[in-house]
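Just so it is clear: chains get the letters A, B, ... in the order the sequence lines come, proteins before strands, and each one is counted from 1.
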Amino acid sequence: MSNITAVRGFKDILPEESGKWQHVEKIARQVFANYGIHEIKIPLLEKTELFKRGIGETTDIVEKEMYTFLDRGDEYLTLRPEATASVIRAYLEHNMYKVDPITKLFTIGPMFRRERPQKGRFRQFHQINVEFIGQKDPRVDSELIFMLAHFLSTTGLTNLKLEINSLGCPECRPSFRENIKNFLNDREGRLCPDCKRRLETNPLRIFDCKNDSCQESIAEAPSILEYICSDCGDHFESVKRYLELLGVEYTINTRMVRGLDYYTQTAFEIITESLGSQNAIAGGGRYDGLTRILGGPDIPGIGFAIGLERLISLVPGRDEDFIQFPHLFIAALGQKAQEFSFPLCNALRKAGIRTEMDFSDRSLKSQMKRSDKLNCLNTLIIGEREIDEGKAPLRNMATKEQNSIDIQSIEGIIQTLINLKQ
RNA sequence: GUGGGUGUAGCUCAGCUGGUUAGAGUGCCGGGUUGUGGCCUCGGAGGUCGGGGGUUCAAGUCCCCUCACUCACCCCA
């Protein structure tokens with residue numbers, strides 16, 4: 001019988017990697033707290049309708065990437081492909097806007113998209129999401145981006161690039177879309193097959209194509225920024241001004257389009273050179289129409305998602321730099337010492353001292369080897385002789401210094417080791 | 001969904017044009033005298049050569065199918 005393996009595109013995060021994950025999540029919680037953002041935990045499973053309406057029926061995510069199933073012949077459910085729709089659903093469902101018109105939320109967890117796996121892209125992947133709901137002020141856009149940059153640099157990332165754009169609003173986007181379509185219709189012969197198809201489905205996507213001929217065709221194309229209405233234009237100008245005020249460097253990428261239909265006005269991405277073709281480590285934008293689409297009142301919002309796998313792969317430092325080594329290894333020699341050490345070991349742990357020991361009663365040499373392998377800071381050697389004398393050598397594994405410590409009482413040993421820790 | 005690459009010990013890989021009991025490094029376990037780790041040294045365990053079929057006296061090595069992983073397209077975090 002063959003072995004059962006993990007599902008394609010679903011990854012185990014192994015113990016040696018988890019230190020880095022915890023480190024990054026800890027920084028996230030600390031940074032977010034400074035900006036008054038509170039954690040919300042939302043379900044992994046939602047009614048399919050939520051994503052169809054929220055993300056958009058014709059997006060790639062909804063058309064071909066969702067894990068959807070019929071629940072006991074009753075209703076269609078979907079493993080969430082992104083978090084914003086769920087956060088807004090919860091926000092509306094609990095009437096949070098009535099308690100406080102300004103809400104800042106974050107959530108951390110897995111997302112599911114059935115794409116072909118490749119470098120930096122998995123079918124189950126993790127995101128950190130932040131949503132600022134209830135404010136339209138361009139300063140909100142700018143401080144959200146400022147905070148994202150703050151967070152990423154705190155994790156140690158460098159050489160990141162911020163790109164921003166404005167996608168306009170339901171008032172002004174359609175006219176731009178028509179214009180691009182007309183512009184490209186004349187040049188259809190030079191477009192790649194994919195882009196010919198996009199001409200009908202989503203002409204804005206042609207901006208993203210990497211094909212040289214398509215890029216040439218579109219080089220002269222009008223920019224969306226020439227078409228957005230004055231409200232959107234003013235908003236974008238203010239966002240840029242406030243970014244400058246906050247000292248955030250950016251470049252304008254008029255070709256950036258986003259894959260989810262709910263975005264309006266400000267859109268942004270953080271990209272890196274060092275990740276291969278999946279180069280976006282974070283992305284987001286404003287979604288002022290989303291609450292209405294989901295059946296609520298008209299409430300503006302803006303947010304972003306960070307790809308945790310991508311982020312963590314760029315965090316400097318080796319995996320082992322993020323794990324906590326034991327303070328102490330107890331090498332117990334012989335029956336009597338083992339009997340003495342077992343309760344001692346667990347009393348030390350209870351007192352906050354990371355302690356390890358070995359039950360196999362092996363030679364001191366192999367117990368020392370194990371202490372070394374576990375990277376224990378100190379080793380306490382206890383044999384019959386030590387128990388009789390009430391004193392035992394405590395070896396500092398780095399300096400090789402050995403000091404005799406009192407082992408008359410467990411309380412005494414705990415106190416000695418706590419003092420040593422400081 | 002479409003292409004390319006790769007699948008040999010826990011891990012990283014070697015195995016020339018098919019030829020006797022499949023190798024190395026690393027990791028693991030144990031020794032190198034009586035109670036002290038890292039270095040060195042000796043020994044040991046560990047592989048249905050991804051799976052299935054075929055060609056052949058003989059296949060890890062050639063052919064076909066299949067699966068998995070991986071990179072790219074696509075899309076996005």
Side-chain angles (χ1 to χ4, degrees), chain A residues 1-3 5-9 11 14 16 55 59-65 81-84 108-130 148 152 192-195 197-198 201-202 205 208-211 256-260 263 267-272 275-285 303-314 329 331-334 337 360-386 392-402:
Chain A
M1 208 186 286
S2 56
N3 293 336
T5 58
V7 175
R8 181 174 175 73
K11 288 260 173 302
L14 300 174
E16 52 266 33
I55 300 171
T59 57
D60 276 15
I61 293 177
V62 172
E63 271 184 347
K64 48 192 191 195
E65 296 175 3
E82 62 108 37
T84 303
I108 302 177
M111 308 295 157
F112 306 85
R113 294 183 198 173
R114 203 182 181 290
E115 300 177 87
R116 189 85 173 256
Q118 77 182 71
K119 189 182 174 76
R121 192 173 77 184
F122 312 103
R123 290 182 171 185
Q124 181 185 113
F125 61 101
H126 296 75
Q127 287 187 339
I128 298 177
N129 274 259
V130 176
L148 173 57
L152 292 175
C192 70
D194 279 334
C195 284
R197 179 177 51 80
R198 290 186 189 122
T201 56
N202 196 343
R205 284 243 155 265
D208 260 356
C209 187
K210 278 131 193 156
N211 184 296
M256 182 175 60
V257 287
R258 314 238 66 230
L260 294 82
Y263 285 115
F268 57 93
E269 274 182 14
I270 304 271
I271 58 177
T272 170
L275 214 57
S277 85
Q278 307 302 317
N279 63 350
I281 87 150
F304 63 74
I306 304 170
L308 265 176
E309 282 81 358
R310 292 181 191 178
L311 165 58
I312 286 164
S313 74
L314 294 176
F329 187 90
L333 308 167
S360 59
D361 196 24
R362 291 189 289 178
S363 68
L364 178 58
K365 186 192 181 88
S366 47
Q367 294 199 51
M368 289 300 291
K369 278 188 175 173
R370 176 138 187 91
S371 174
D372 184 54
K373 180 184 156 68
L374 295 175
N375 286 301
C376 298
L377 273 27
N378 298 283
T379 303
L380 181 63
I381 300 164
I382 303 178
E384 297 214 4
R385 199 164 69 214
E386 283 73 18
L394 179 69
R395 181 180 178 87
N396 180 317
M397 296 299 278
T399 65
K400 292 178 154 184
E401 272 179 80
Q402 284 190 192

Test for a donor-acceptor pair under 3.5 Å between the base of B:G35 and the side chain of A:Glu386, counting only N and O atoms. yes
What is the distance, to the nearest angstrom, from the CD atom on A:Glu115 to the P atom on B:C73? 13 Å
Considering every strand and a 4.0 Å limit on heavy-atom distances, what is the contact class for A:Asn279: base, sugar-phosphate, or nothing? base
Can you find an N or O donor on one side and an acceptor on the other, under 3.5 Å apart, linking the side chain of A:Lys369 with the base of B:G30? no
Do A:Arg121 and B:C75 have a side chain to base donor-acceptor pair shorter than 3.5 Å? yes
B:A72 phosphate, OP1 or OP2: any side-chain N/O from A:Gln118 under 4.0 angstrom? yes
Base, sugar-phosphate or nothing for A:Gly284? Non-hydrogen atoms, less than 4.0 Å. nothing
Given side-chain contact (heavy atoms from CB on, under 4.5 Å), test A:Glu82 with A:Ile61 step by step and report yes or no. CA-CA 9 Å; A:Glu82 62 108 37; A:Ile61 293 177; 5.6 Å; no
Considering Watson-Crick and G-U wobble pairs with both distances under 3.5 Å, what does B:C73 pair with? B:G1
P gap between B:U66 and B:G1, integer Å: 14 Å
I need the NZ-C1' distance between A:Lys119 and B:C74, as an integer number of Å. 18 Å
What's the gap between B:G46 and B:U2 when it is taken at their P atoms, as a whole Å value? 43 Å
What's the CZ-C1' distance between A:Arg8 and B:A68, to the nearest Å? 8 Å
Given the structure, check if the side chain of A:Gln402 and the base of B:U36 hold any donor-acceptor pair shorter than 3.5 Å. yes
Looking at B:A72, B:A77, B:U36, which one has an atom nearest to any side-chain atom of A:Arg116? B:A72
When both hydrogen-bonding distances must be under 3.5 Å and the geometry is Watson-Crick or G-U wobble, what is B:C39 paired with, if anything? none
Whole-Å gap separating P (B:U36) and CZ (A:Arg395): 10 Å
Does A:Lys11 make a side-chain N or O approach to OP1 or OP2 of B:U70 shorter than 4.0 Å? yes
Kindly say whether, by distance alone, the side chain of A:Arg370 makes a donor-acceptor pair under 3.5 Å with the base of B:G37? no
In whole angstroms, how far is the P atom of B:C71 from the CD atom of A:Gln278? 10 Å
Is it the case that the base of B:C76 and the side chain of A:Arg310 share a donor-acceptor contact (distance under 3.5 Å, atom types as modelled)? yes
Look at A:Lys365 and B:G30 and indicate whether a side-chain polar atom (N or O) is within less than 4.0 Å of OP1 or OP2. no
Interatomic distance, A:Arg123 CZ vs B:A77 P [rounded to whole Å]: 18 Å
